Amino acid sequence: MSSSIRAVPRSVVAVGIVGVTVLAVPLAAIIFEAPWAEVGSHLGSAETKSAIRVSMIVSFSAAALSVLLGVPLAFILARSNIRGKALLRTVITVPLVLPPVVTGVALLAGFGRRSVLGQLLGFGLSNSMTGAILAATIVAMPFLVLSVEGSLHSIDPDYERVAAAFGAPPLARWWRIGLPLSRSAILAGAVLAWARALGEFGATITFAGNIAGVSRTLPLEIAVALESDPGRATAVSLLMLGVSLVVLVTLRDRWIRR
Amino acid sequence: MTTSGLSVDLKTTVNDFVLACEFEVPVGASLAVVGPNGSGKSTLLSALAGLVDVDRGRVVISGHVVVDSTKDLVVAPEKRSVAIVPQKSLLFPHMTVAENVAFGLRYRPVEDAESAISNVLKDVGLDRFRDRKPGQLSGGQQQRASLARALVVQPNLLLADEPLSNVDADSRHSLRSVMDQWRPPTQTQVIVTHGHHHAQAADLLVGLEAGRVAAFGEPRQLANDTKLDWLRDLLRASD
């Protein structure tokens, strides 16, 4: 098509410019305001290193758990005809729209020390790294499930049917056909889930607490540093901004180039 | 008395389309399925393979009852001795040609699978392409690979949906003899076709119209007897 027809009116473009400015100004400000000379020492400090360690363990565990538990859910949503699928999808999607702090309160009620389960076992998962992993998994998994489910709808289910006609039982069809065909979607979903887990704040601080070396992840460390050492808060924020950009670049083929 | 290779009496509904048909094919015979677009040919194959649900009826493949609605019996597709050549090839895109051909043998083992795979690939003219992925093949080559994947299993019932439609005319003749060559004497073949070769060469023919059997019999006889113009044209056509 020729570009002689204006596809988007000027007024709409003007609003668009305002929108992108609102998004870009804070990001640019972090970069300009950063105490660049001290970024190295801030990131090398014992507190930051400890938060990086906690964040890595928590976010990668949450991403792995999301894949392990989320991929089967995505297949159920995309391929099965079970009753109550709408309810299932709602349960899986709720953490996307729920304020994370509410997810944290719900986790306390379900798995905290004073929960039924906690009293039964004699211990809860709150204020622990396991709790931080659980909180991050719950908020991250919906991203993986919805991303994989979406891609499964674009994979012809006839491949799995043909595999059945050639004698492959259900598990083999899933393992040898369905799973490999959705490999790139699972990878993309895992990266997305990992990024969400890395940024998780509200559910973590509510359920897992803010214990250095145990549940104090990078976002929690930023919140702590803002009170005492704003320069360090900015330096850690820069680090997280960098990670986010790397994630975007990794997944650019899926989302940006359209 | 001839043993039945395939006995069909079924009714199935797929997206509001109703297919209801009844016929019987002796063991080792070939059946050509012909009919206009949307007459239910592909649905029939899917129903025989167990890939769509059957509303009611009875289907027997080489003596094995695979559907009997009076007994609430439906045998899962993977437990039927069938192999299928789908209309759109449907080679598994993440596997090489050789891996695709090997797929069915994993679940229905034969002696010396490796040489069976090499031989069938040679016969369909794909021995040089065994390590390619389906995406690197032409439409005709994909169809050959899809055919090889089904032939190598040597099932009791071979279901083929226009298996040679994308193959160039010169190769069709030789591929038809490959299909015969790989066919054990007990194999019943059901071949959906628009071409007069398969239709005329089959032992039996079923003509479908709007989900019903409009003609059934030996092609040579039908060529004289049938009142269906399109069927008479097909059965009297030549190159």
Side-chain angles (χ1 to χ4, degrees), chain A residues 67-68 70-72 74-86 144-145 147-191 250-251 253-254 257, chain B residues 14 42-43 45-53 61 66 74-96 99-110 133-135 142 145-146 148-161 190:
Chain A
V67 171
L68 216 61
V71 168
F75 271 85
I76 293 169
L77 288 180
R79 289 282 193 265
S80 82
N81 295 317
I82 54 156
R83 264 186 220 179
K85 221 157 84 167
L144 179 122
V145 174
S147 150
V148 174
E149 189 205 349
S151 86
L152 281 175
H153 286 301
S154 66
I155 295 172
D156 193 341
D158 280 348
Y159 287 119
E160 286 146 81
R161 295 204 184 105
V162 167
F166 277 98
L171 188 62
R173 303 202 286 270
W174 186 67
W175 185 251
R176 296 190 66 202
I177 309 294
L179 216 48
L181 287 182
S182 52
R183 195 181 55 184
S184 71
I186 293 171
L187 262 169
V191 174
T250 313
L251 298 176
D253 287 339
R254 289 190 90 79
R257 219 183 283 157
Chain B
V14 180
S42 298
T43 306
L45 289 199
S46 294
L48 296 180
L51 306 181
V52 297
D53 291 336
I61 298 172
V66 295
V74 180
V75 172
E78 64 266 25
K79 292 183 183 136
R80 304 180 182 193
S81 178
V82 302
I84 191 162
V85 187
Q87 194 174 14
K88 31 181 188 169
S89 292
L90 288 171
L91 295 165
F92 305 123
H94 57 297
M95 297 183 190
T96 64
E99 285 165 351
N100 265 283
V101 173
F103 188 87
L105 294 178
R106 192 180 174 117
Y107 307 102
R108 289 158 192 159
V110 296
K133 293 276 175 69
Q142 289 183 12
S146 180
R149 177 174 65 178
L151 291 178
V152 77
V153 182
Q154 302 199 300
N156 286 339
L157 181 63
L158 180 82
L159 303 168
D161 199 344
V190 177

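Note that the coordinates shown come from a computational prediction; the quantities given were computed from them, not determined experimentally. FYI, side chains are in, hydrogens and waters are out, and symmetry mates aren't considered; it's all heavy atoms of this structure. Note on naming: letters A, B, ... go to the chains in the order of the sequence lines (proteins, then strands), and numbering restarts at 1 for each one.
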Checking heavy atoms, do the side chain of A:Arg183, its backbone, both or neither come under 4.5 Å from chain B? neither
Could you look at B:Arg149 and say if it's the side chain, the backbone, both or neither that has a heavy atom under 4.5 Å from chain A? both
Nearest non-hydrogen partners of B:His94 and A:Arg176, listed with the distance: NE2-O, 2.7 Å
With a sphere of 6.0 Å drawn around NZ of B:Lys79, does it hold more than 12 non-hydrogen atoms of other residues, nucleotides or ligands? no
So, the part of B:Ala76 with a heavy atom under 4.5 Å from chain A: the answer is neither
Bottom line for B:Val82: the part with an atom under 4.5 Å from chain A's heavy atoms is both
Is there side-chain contact between B:Pro77 and A:Arg161, with heavy atoms separated by less than 4.5 Å? no
Pick one of side chain, backbone, both or neither for B:Leu105, based on which atoms fall under 4.5 Å of a heavy atom in chain A. neither
Please test A:Asp156 against B:Lys88 for side chain to side chain contact (heavy atoms under 4.5 Å, CB included), starting from the C-alpha separation and ending with a verdict. CA-CA 11 Å; A:Asp156 193 341; B:Lys88 31 181 188 169; 3.0 Å; yes
Should the pair A:Tyr159 and B:Phe92 be assigned to parallel (<30°), tilted (30 to 60°) or perpendicular (>60°) ring geometry? tilted
Mind checking the CG-OG spacing from A:Asp158 to B:Ser46? Nearest 0.5 Å is all I need. 7.5 Å
How many angstroms lie between CZ in B:Arg106 and CZ in A:Phe166, if you round to the nearest 0.5 Å? 15.0 Å
Residue selection (most heavy-atom pairs with chain B, distance under 4.5 Å) from A:Val162, A:Ile177, A:Leu181: A:Ile177
So which heavy atom on B:Tyr107 is nearest to which on A:Ala172, and how close? OH-CB, 3.3 Å
Over all heavy atoms of both residues, which pair between B:Arg108 and A:Ala165 is shortest? Give the atoms and the distance, please. NH1-O, 3.3 Å
